Structures are given as C-alpha cells and as structure tokens.
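The next block holds one structure in the form of structure tokens; read it before the comments.
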Amino acid sequence: MKRRYVFVLAALLALGGCSAKQQASNAAEKSSANETTVVDNRKKDEKVSFSEDDFDTQGWYCKEKYGSSSYYFLEVKNNSKATVGISGNATALDGNDSVLGSADGSIDVLGPGETSLMTFYFSDVGDVTTVKTDLQYTQDIYYQPVISNLKVNQSINDKNVTIQVTNNGDVPAEFVEATALFFDAEGNVIYHNSGYVADNDSEIKPGATLSDQLDSYEAFDHVNVYLNGRADKSAKAADSSSSKGNSSVTDSDFDITEYTYSNDIARSSMYFLVIKNNSEKTVGIDGNMTAYDGSGNVIGAADGSIDVLAPEEESIATFYFNDVTGIDHVDYKLNYDTAPYYTSGLKDLKVEENINSKNVVVTVTNNGTEASQFVEAHALFFDSQGNVISYESTYVVDDDSVIKPGATISKQIDSYKPFDTVKVYLTGRR
C-alpha cells in the first residue's frame with residue numbers, strides 16, 4: 001500500500017545584495033561598463049522530477065524475543081532517475097489504532113535503481129499491530145550514491161550469512177553498513193544483525209574486497225542482506241598510491257606467523273597473526289579475514305588489528321570467528337597506516353615469564369619515561385606437536401589502565417588444558 005510522502009525541494013535563494021537587474025541567467029555574463037567577462041564554472045545540481053510512485057516499499061515488524069522493544073524494517077527501492085536522501089518517521093499502533101510509540105529512520109543517499117533499508121527502533125514498545133510511515137525525500141544532499149558500485153557475494157551457513165563486498169566504483173565507499181534480516185518460512189523476521197564493512201579509514205576503497213559475518217541465533221529459512229553507504233559529493237577517483245593500505249610498506253616488510261585455535265566448548269574459532277615489523281616505519285595495522293572449509297566454501301569472516309607497531313617490534317592480531325568451526329584455510333588482507341594515531345607502547349617494556357604446570361605468570365616493567373596504555377598479554381599454549389590447545393589474555397595494567405614509568409605489574413594467565421610450551425605476546429600503545 002502506498003504511503004503519503006512529503007517531497008522536500010529546496011528553493012534557490014539569491015544572496016549578497018545584488019539587485020534583480022544585476023543577476024545573469026547565463027553561465028557567462030559581460031559588463032558593458034568595464035568590458036569584463038565573467039565565466040561561472042560552478043557545477044549546478046540538476047533536479048530531476050519524481051513522484052511517490054517511483055519508490056517501492058515493503059516493511060517487516062520484529063519484536064525482541066528477550067526484551068520489551070521492537071523494530072520496523074522498511075525496504076526502499078528507488079525506481080526514479082533522481083538521487084535522493086530519505087528521512088522517515090514511523091508510528092506504532094495497537095489493534096485499536098492507539099499510538100504506542102514512534103521512531104525515526106533515514107537513508108543518507110539512494111541513487112537510481114538502488115535498494116536499501118530503513119530501520120525504526122521502538123524503545124520499550126511491543127505488541128504492535130500496525131506501523132504507519134511517512135517518508136520525506138530531498139535532492140539537496142551532500143553525498144553521492146555508492147550502493148550500485150558495491151558487488152555483494154553471500155554465503156549462507158547454518159548460523160550466519162557471510163558477505164564479501166567489492167567496491168567496483170572509482171571513489172571510496174564510506175560507512176558501508178550491512179544489515180541481515182533472517183526470516184522463517186512464513187516470511188516473518190525472526191532475527192536481524194548488522195555491522196560495518198570498512199577498513200580503519202571507515203571505507204571500502206576502489207577495487208578492495210572486505211568480508212563480514214552476520215550471525216543469527218535463531219534457525220532461519222532465508223535471509224535478505226541490505227547495504228547503506230555513501231561518498232562525499234566532492235570525492236574524486238581515488239589514487240591507490242595515496243591510500244594508507246599501500247603507503248610505502250607491504251607484507252614483505254613484515255614477518256607473519258599464523259596460528260589457529262578451535263574452542264570446542266564455545267564452538268568457535270580464532271586465528272592469530274604474529275607480526276614482526278622489519279620496516280623502518282611505525283605502523284598501525286588492520287586486517288580483514290575470510291574463513292573457508294575444505295570444499296572452498298566461505299563459512300565466516302572476522303577483523304583484527306594492532307594499534308601501533310614500531311620498527312623491530314613484534315605483536316599479535318587476533319581474529320574471532322563466532323560459531324564457526326572446521327576452518328580449513330583463510331584469506332586475509334592487511335592494511336598498513338604509516339601515520340598511526342598512537343605511538344609505540346611496547347619499546348620500553350621488559351617482560352619476564354614464569355611458566356608453571358597450569359599457568360604462566362607475566363611480569364611487565366616499564367623502563368621508559370612515559371606510561372603505556374592498555375597493555376594486554378596474549379598467551380598461546382601449545383601441545384608437543386605445536387598445535388594451539390588453549391588461548392587466554394589479560395590486561396597488565398593498574399587501575400588507570402596504564403603501566404606507569406618505573407612500575408612493575410604481574411598477571412597470571414591460566415591454561416585449562418595440559419600444555420607443552422607457551423608463547424606470550426603484548427599489545428599496547430601511548
């Protein structure tokens with residue numbers, strides 16, 4: 001059923017104190033007084049006419065299973081030739097048409113032919129019978145559309161849908177958010193999940209592919225995946241040499257050791273990348289990883305990072321695959337930021353390990369003149385064949401979440417399985 005929409009078209013105002021006689025209707029104007037020619041090269045936003053019939057909508061209501069709130073999801077497809085931003089208001093009604101609650105939703109930008117999703121959250125509102133929506137469209141937006149540039153591959157598994165998103169456009173796609181609606185056989189939304197598909201710059205750069213795992217804690221029949229995203233209107237074709245992921249260092253500048261661990265109790269998996277920086281650059285590292293089974297099927301995805309790693313330092317990036325087991329191999333992409341926000345918090349730390357039959361006690365002393373923040377010790381426990389059989393981590397900090405200059409702090413990390421050897425790696429920053 002079509003809703004009544006309000007279309008907002010901004011009027012153009014001529015400001016600056018010029019009289020009507022002084023205003024030119026052409027891009028170029030000539031002054032007879034001083035023979036000066038003025039050429040106006042500013043780009044004008046073209047306004048394309050459209051109507052409410054140019055947008056298809058479909059909505060689904062979902063009440064929280066373990067809470068008192070609810071959601072309304074509205075799919076919007078743009079069949080017009082206009083690029084628009086959309087804002088909306090939703091009203092929740094009971095069986096007597098009494099108003100129970102209201103919520104707002106938006107889509108930053110939606111280009112011709114694109115489909116996206118608006119989410120309305122009704123706090124502490126349940127037992128909704130009807131949801132009415134009013135949508136407002138505007139062409140006066142700061143962004144340009146990117147959804148049509150994004151190619152999505154979906155791999156549907158028992159407890160998740162894992163997506164691989166490739167940016168086939170020539171500008172970075174910013175703040176790309178994926179939302180999965182999980183349905184039962186009758187077409188009811190029984191679970192939903194969302195997450196950002198982005199690197200440390202909050203982007204998917206041109207040509208890049210990033211993965212994301214969207215979990216469902218309910219058995220489902222089918223799933224719909226929607227993307228929201230945008231690019232600045234001023235964004236131009238990206239120069240790949242200027243992106244942080246390609247700035248003066250490559251994988252060959254680092255020693256990378258891979259470890260995997262499967263937690264049978266949690267029915268989840270972890271992957272670890274131990275990275276040593278052999279370059280002359282201090283870097284921040286973020287990674288995106290895709291997991292495959294033995295048949296080459298995509299079964300999960302995860303992100304990992306190291307805030308900062310100075311030359312000659314070694315640290316660890318952890319990747320957690322929720323509800324994913326049976327990983328045969330992984331693919332990953334690491335991006336290196338050679339101008340990280342943080343400075344190294346590891347270089348002045350002295351580490352002592354005392355290994356016991358059921359634990360390792362990690363003692364860290366700060367021999368520097370500055371405090372190191374959020375220092376975390378990661379312990380990998382191995383069997384005699386070199387397999388990781390247990391993993392635990394703990395922060396080695398005081399009540400201010402730092403190790404102050406001259407301070408020594410000890411922490412015990414337990415292994416819940418008999419082990420042969422243990423390796424400890426630190427992460428931290430300033």
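Predicted, not measured: the structure shown is a model, and the values here were computed from it. Only this structure's heavy atoms are used, side chains among them; waters, hydrogens and symmetry mates stay out.
- The two residues A231 and P172 have their closest heavy-atom pair at CB-O, 3.6 Å.
- Side-chain polar atoms of D331 and T290 form no donor-acceptor pair below 3.5 angstrom.
- The side-chain contact (heavy atoms from CB on, under 4.5 Å) test with E353 is passed by exactly one of V361, V360, T363, I413: V360.
- Annotation: the span from I163 atom CD1 to K151 atom NZ amounts to 14.0 Å, rounded to 0.5 Å.
- Residues meeting the side chain to side chain donor-acceptor pair (under 3.5 Å) test with N157, sequence neighbours left out: N160.
- Remark: the N78 side chain and the S80 side chain contain an N/O donor-acceptor pair separated by less than 3.5 Å.
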Trace of the ring-ring contact (aromatic ring centres under 6.0 Å, His included) decision for Y191 with F183
CA-CA 7 Å; Y191 201 81; F183 296 84; over 10 Å; no
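- Remark: the D414 side chain and the Q412 side chain contain an N/O donor-acceptor pair separated by less than 3.5 Å.
- At a cut-off of 3.5 Å, with distance as the only test, a side-chain donor of D104 or N89 sits close to an acceptor on the other residue.
- In this structure, F254 has its ring center under 6.0 Å from that of Y336.
- Taking the six-membered ring for Trp and the full ring otherwise, the centers of Y121 and Y71 sit less than 6.0 Å from each other.
- Although no hydrogens or angles enter the test, the distance criterion places a donor-acceptor pair under 3.5 Å between the side chain of N277 and the main chain of L309.
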Should K63 and D127 be marked as a salt bridge (Lys or Arg N to Asp or Glu O under 4.0 Å) after you check the CA-CA gap, both sets of side-chain angles, and the distance that decides it?
CA-CA 8 Å; K63 186 179 184 301; D127 299 324; 5.3 Å; no
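- Residues V152 and Q164 form no side-chain contact, since every pair of their non-hydrogen atoms from C-beta on lies 4.5 Å or further apart.
- Residue S372 comes nearest to V375 through the heavy atom pair CB-CG2, 3.7 Å, listed as atom of the first residue, atom of the second, then distance.
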Just do the side-chain contact (heavy atoms from CB on, under 4.5 Å) check on S268 and F321 with the steps written out, would you?
CA-CA 6 Å; S268 298; F321 296 92; over 6 Å; no
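- Using a 4.5 Å cut-off on side-chain heavy atoms (C-beta onward), Y72 and T133 make contact.
- Note on K205 versus D170: no salt bridge recorded, every NZ/NE/NH1/NH2 to OD/OE distance being 4.0 Å or above.
- Each ring pair (Phe, Tyr, Trp, His ring centres under 6.0 Å) pair with one or both residues in residues 149-182, not counting sequence neighbours, appears once here: F182-F220.
- The structure places CG of N168 at 8.0 Å from CG of L150, a figure rounded to the nearest 0.5 Å.
- Y332 has its side chain within reach of I256: a pair of non-hydrogen atoms, C-beta onward, lies under 4.5 Å apart.
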Go through the steps for N288 and D199 under the test side-chain hydrogen bond (donor to acceptor under 3.5 Å, both in side chains), then give the verdict.
CA-CA 8 Å; N288 181 254; D199 60 20; over 6 Å; no
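- For the pair N366 (side chain) and G368 (backbone), a donor-acceptor distance under 3.5 Å is present.
- Taken to the nearest 0.5 Å, the CD1 atom of I306 stands 9.0 Å off from the CD atom of E314.
- Nearest heavy-atom pair across T162 and G300 is OG1-CA, 3.3 Å.
- Counting only heavy atoms from C-beta outward, the side chains of D251 and L334 approach each other to under 4.5 Å.
- Using a cutoff of 4.0 Å between basic side-chain nitrogens and carboxylate oxygens, K47 and D140 are scored as salt-bridged.
- Of the charged side-chain nitrogens involved, none lies within less than 4.0 Å of a carboxylate oxygen, so that D255 and K276 do not count as a salt-bridged pair.
- Looking at D215 and Q213, their side chains do bring a donor and an acceptor atom within 3.5 Å of each other.
- The distance between the ring centers of Y425 and H378 does not fall below 6.0 angstrom.
- Annotation: side chain of E258 is in contact with side chain of Y271 (closest heavy-atom distance under 4.5 Å).
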Test side-chain hydrogen bond (donor to acceptor under 3.5 Å, both in side chains) applied to Y226 and N224, step by step:
CA-CA 7 Å; Y226 301 90; N224 291 352; 3.3 Å; yes
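- Between the S216 side chain and the E218 main chain, a donor and an acceptor come within less than 3.5 Å of each other.
- Going from atom OG of S390 over to atom CG of L380 covers 9.5 Å, rounded to the nearest 0.5 Å.
- No donor-acceptor pair closer than 3.5 Å links the side chain of S106 to the backbone N or O of D108.
- The backbone N or O of E186 lies less than 3.5 Å from a partner atom in the side chain of D184, making a donor-acceptor pair.
- Side-chain contact check for E313 and S344: at least one donor-acceptor pair (N or O, by modelled atom type) lies under 3.5 Å.
- Put simply, the side chain of N335 reaches to within 4.5 Å of the side chain of K333, judged on heavy atoms.
- Between F55 and Y137, the gap from one ring centroid to the other is short of 6.0 Å.
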Would you please test I316 and T427 for side-chain contact (heavy atoms from CB on, under 4.5 Å) and show each step?
CA-CA 7 Å; I316 190 170; T427 55; 4.1 Å; yes
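- A distance-only check finds no donor-acceptor pair linking the side chain of S295 to the backbone of N297 [under 3.5 Å].
- When atom types are taken as modelled, the side chain of S315 and the backbone of L426 share a donor-acceptor pair closer than 3.5 angstrom.
- When ring centroids are compared, Y391 and F272 come within the 6.0 Å threshold.
- Interatomic distance, OH of Y261 versus CD1 of I327, reported as 13.0 Å (0.5 Å rounding).
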With side-chain contact (heavy atoms from CB on, under 4.5 Å) as the criterion, how do I156 and V161 come out once you've worked through the C-alpha distance, each side chain's angles and the decisive distance to 0.1 Å?
CA-CA 4 Å; I156 301 173; V161 56; 4.2 Å; yes
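- A donor and an acceptor atom, one from each side chain of Y259 and K423, are located under 3.5 Å apart.
- Two residues are said to be in side-chain contact when any heavy atoms from C-beta on lie closer than 4.5 Å; V422 and S415 fail this criterion.
- Between atom CG of residue N188 and atom CG of residue L181 there is a gap of 12.0 Å, rounded to the nearest 0.5 Å.
- No donor-acceptor distance shorter than 3.5 angstrom exists from the side chain of D323 to the backbone of K159, with no hydrogens or angles considered.
- For T209, the side chain to side chain donor-acceptor pair (under 3.5 Å) criterion is met by T166, not counting sequence neighbours.
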List the steps and the verdict of side-chain contact (heavy atoms from CB on, under 4.5 Å) for V197 and I204.
CA-CA 7 Å; V197 190; I204 305 177; 4.1 Å; yes
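- In this structure, I409 and D398 have side chains that are in contact, with non-hydrogen atoms separated by less than 4.5 Å.
- A side-chain donor-acceptor contact under 3.5 Å links S393 and E376.
- Under the 3.5 Å distance criterion, the side-chain polar atoms of S116 are matched with a main-chain donor or acceptor of L227.
- For N387 (side chain) and I389 (main-chain N/O), no donor-acceptor pair under 3.5 Å exists by modelled atom type.
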